[in-house]
Amino acid sequence: MTDLETLAKDRGIKYFLISYTDLFGTQRSKLVPAAAINAMAKAGAGFAGFATWLDMTPADSDMFVIPDARA
C-alpha cells in the first residue's frame, strides 16, 4: 500500500477528496485532511447510504469507501 500521508507531505498536499458515484451518476465525496488519509486507506471513509439515494434506510449500516492509491 502506498503511504499517502508521506506522499502528501512530499508534494505539499493538504487534503484528499475521497469520492464515489451513486446510482444516479452524482459524485458523492468527503474532504479528508492529509494527516488522516492513511487511516482512511485502511478502514475507509464512511458514508450514509440512505443519504445518497441507494435504496437504504437510516437503519442500514454505513458504506465505506477505500481510496485507490494506484489511480
Side-chain angles (χ1 to χ4, degrees):
M1 179 172 67
T2 303
D3 183 355
L4 293 173
E5 187 175 348
T6 301
L7 178 79
K9 285 180 186 176
D10 292 345
R11 296 186 182 181
I13 298 169
K14 295 181 181 181
Y15 297 95
F16 286 89
L17 189 67
I18 298 178
S19 64
Y20 71 96
T21 304
D22 70 14
L23 296 175
F24 293 106
T26 302
Q27 184 176 355
R28 304 297 177 162
S29 59
K30 183 174 282 195
L31 192 62
V32 176
I37 194 63
N38 282 344
M40 297 293 133
K42 290 179 185 172
F47 288 85
F50 77 93
T52 59
W53 307 103
L54 291 178
D55 197 25
M56 300 169 83
T57 70
D60 291 314
S61 59
D62 286 349
M63 301 180 344
F64 287 90
V65 177
I66 298 174
D68 184 359
R70 300 171 299 169

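All heavy atoms count here, side chains included; hydrogens, waters and symmetry mates do not. Since the structure is predicted, the reported quantities are computational estimates derived from the model, not experimental observations.
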Quick one: are Thr6 and Asn38 in side-chain contact, heavy atoms under 4.5 Å?
-> no
If Ile, Leu, Val, Met, Phe, Trp and Tyr residues are connected whenever their side-chain heavy atoms lie under 4.5 Å apart, and connections chain through other members, are Ile18 and Leu7 in the same group?
-> yes
Verify, without hydrogens or angle tests, whether Asp60 (side chain) and Thr57 (backbone) share a donor-acceptor contact under 3.5 angstrom.
-> yes
Under the side-chain contact (heavy atoms from CB on, under 4.5 Å) test, residues paired with Ile66 that sit two or more places apart = none
Taking all atoms of both residues into account, what is the closest heavy-atom pair of Ala8 and Ala34, and its distance?
-> CB-CB, 3.7 Å
Going hydrophobic residue to hydrophobic residue with side-chain gaps under 4.5 angstrom, can you get from Tyr20 over to Leu31?
-> no
For Lys30, the side-chain contact (heavy atoms from CB on, under 4.5 Å) test, sequence neighbours excluded, returns Val32, Ala45, Phe47
Indicate the atoms forming the closest heavy-atom contact of Met56 with Ser61, along with that distance.
-> CE-O, 3.5 Å
Taken in chain and number order and not counting sequence neighbours, the residues that satisfy ring pair (Phe, Tyr, Trp, His ring centres under 6.0 Å) with Tyr15 are none
In the single-linkage hydrophobic clustering (I, L, V, M, F, W, Y; side-chain heavy atoms under 4.5 Å), do Ile13 and Leu17 co-cluster?
-> no
